[in-house]
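Numbered from 1 within each chain, the chains take letters A, B, ... in sequence-line order.
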Number of protein chains: 2
Amino acid sequence: MEKTTVFDVIERMSALIRSEERKKCTEFGLQPVHLQVLDYLSRCNKYSDTPASLTNYLGMTRGTVSQTVLLLEKKSYVKKTTDTIDRRVIHLSLLPEGKAMLGQARPSELFNQASDFLKQDELGHYDETMVNMLSALQKSNKSHSFGLCKTCQYFTLLPDGHLCGLTKEQLTEEDSGKICQEHRAL
Amino acid sequence: MEKTTVFDVIERMSALIRSEERKKCTEFGLQPVHLQVLDYLSRCNKYSDTPASLTNYLGMTRGTVSQTVLLLEKKSYVKKTTDTIDRRVIHLSLLPEGKAMLGQARPSELFNQASDFLKQDELGHYDETMVNMLSALQKSNKSHSFGLCKTCQYFTLLPDGHLCGLTKEQLTEEDSGKICQEHRAL
DNA sequence: GCTACATATTTCGATTCGCTACTTTATGGC
DNA sequence: GCCATAAAGTAGCGAATCGAAATATGTAGC
């Protein structure tokens, strides 16, 4: 029963954010999916910055993703680079203009205002809870990573070991070399 | 700094849910926005079940929403009813088939599995935190309600007063008659 | 080295989606 | 009654999406 409630609330937050995002999109003449692509590219590692990974992440067809990327390329939001080893694969990367667009389209005002409604000293505690929730969701997500932890953008080297910056989990040296199940799509 | 992290995590959850949802969509031959409409209609009250409210919620144009509703009507997911008092107004309602579709398309498996990764005794605590977060987001959302609290689907009558079932807030008799700022779009 | 198969991506035609501008119908103030 | 306003629908056009076939590169077996 409680289970349902918690995830129901998450769905509500998700819907709210999406609604705000769509409004921003029409403002800039983009579709939500375009922002999703930019967001993905701002977070993926070099093992998952390909059209194939993007296709898997978005759940669209290869053809559509190809067209979408073409559009974003025309607008100078992303750049294509052919892999030097395997010349079949294409690496996608965000260009400065793409990053700028992503920054503008984020519901940052919404978040700024929301934080005013939360007690400042509670935010740290919220943080921990939320990260646990996210971690659980990621673990149950079937879309696994193709990247190594040590190449993840959240990977951090500490004096006393390794740390995943997103889940705040300690990682062993061995773990860092393994394929990451957590961050691929994020 | 902490502020950024918390909302960043929410954005990650949101992105993950959307990704899963899109996969479900293509499975059923629907667009994400169609599910958004069904979801909205399952939660709106009689003051916000109109195409105009839906338009405001989705951030799309009236024409587009009109077409979208037409499509969902053809598929027997929703039903239109003309308002008896103001004959310009149309009320939309979910049909059983629409509810069934909504149930199928929800990332329920994702949530079920995610809950297995969380300690059962912590879920209640998570619940409180998440509801606070959602409440803060809703407060800062500019899309205000057009409905009265007492008509909200989350409104509950208790022996000792009134309760908002979503935010768990106590409501005075007076509050219950006011326009709700919290739940319109949800 | 050649063949067969696998993988990554693109191309293309048909279809659907979404926006803009315009129209229709209904309400309310004067 | 007349006009402004509001809710919803319609038509046409461009963009997005799908599905299937095509292209290009890499891999494995002989």
Legend entry - Atom-to-atom span, CG of B:Asp86 to P of D:dT5 - whole angstrom: 17 Å
Inset, instruction - Provide, to the nearest angstrom, the distance between the CZ atom belonging to A:Arg62 and the P atom belonging to D:dA21. - result: 12 Å
Inset, instruction - Report which part of the nucleic acid B:Ile85 touches: base, sugar-phosphate, or nothing (heavy-atom distance under 4.0 Å, all strands). - result: sugar-phosphate
Legend entry - Along DNA chain C (nearest heavy atom to each residue), the more 5'-positioned of B:Gln67 and A:Ser66: A:Ser66
Inset, instruction - Anything under 4.0 Å to a heavy atom of chain B counts; send over the first and last such nucleotide of DNA chain C, read 5' to 3'. - result: C:dC17 to C:dT27
Inset, instruction - Using the closest heavy atom to pick a nucleotide of DNA chain D for each, name whichever of A:Thr84 or A:Thr64 lands nearer the 5' end. - result: A:Thr64
Legend entry - N/O (side chain, A:His34) to phosphate O (OP1/OP2, D:dA15) under 4.0 Å: no
Inset, instruction - Could you say whether A:Thr68 or B:Val69 is positioned toward the 5' end of DNA chain D, judged by the nucleotide with the nearest heavy atom to each? - result: B:Val69
Inset, instruction - Mind checking the CG-OG spacing from A:Asn56 to B:Ser19? Nearest 0.5 Å is all I need. - result: 7.5 Å
Legend entry - Pairwise side-chain contact, B:Gln67 with B:Thr64, heavy-atom cut-off 4.5 Å (strictly under): no
Legend entry - Sole residue of A:Asp39, A:Leu71, A:Val69 in side chain to side chain contact (heavy atoms under 4.5 Å, CB included) with A:His34: A:Leu71
Inset, instruction - Taking all non-hydrogen atoms of both residues into account, name the closest pair between B:Lys75 and B:Gly29 and its distance. - result: NZ-O, 3.8 Å
Inset, instruction - Would you classify B:Leu92 as touching base, sugar-phosphate or nothing, given that sugar-phosphate means primed atoms plus P, OP1 and OP2, and contacts are heavy atoms under 4.0 Å? - result: nothing
Legend entry - Whole angstrom value for the distance that separates P of D:dA7 from CG of B:Asp49: 14 Å
Inset, instruction - Measure the distance from CG on B:Asp83 to P on D:dA8 and round it to the nearest whole Å. - result: 9 Å
Legend entry - Rounded interatomic separation in angstrom, taking CD from B:Glu73 and P from D:dA8: 13 Å
Legend entry - A:Val65 or A:Gln31, whichever maps to the more 5' nucleotide of DNA chain C: A:Val65
Legend entry - Distance (rounded to the nearest 0.5 Å) between A:Glu73 CD and A:Leu95 CG: 9.0 Å
Inset, instruction - Write down the distance between CG (A:Leu58) and P (D:dA16), rounded to a whole number of angstrom. - result: 14 Å
Inset, instruction - When you get a sec, tell me which of D:dA7, D:dA16, D:dA24 is the closest nucleotide to the side chain of B:Val89? - result: D:dA7
Inset, instruction - Could you check how far CG of A:Leu72 sits from P of D:dA15, rounded to whole Å? - result: 14 Å
Inset, instruction - Output the distance between atom CZ (A:Arg88) and atom OG1 (A:Thr82), rounded to the nearest 0.5 Å. - result: 13.0 Å
Inset, instruction - Show your working on side chain to side chain contact (heavy atoms under 4.5 Å, CB included) between B:Lys79 and B:Leu92 and close with a plain yes or no. - result: CA-CA 6 Å; B:Lys79 182 170 60 105; B:Leu92 304 169; over 6 Å; no
Legend entry - Between D:dG19 (C1') and B:Glu27 (CD): distance, integer Å: 17 Å
Inset, instruction - Give one of base, sugar-phosphate or nothing for A:Leu70, where a contact means two heavy atoms less than 4.0 Å apart. - result: nothing
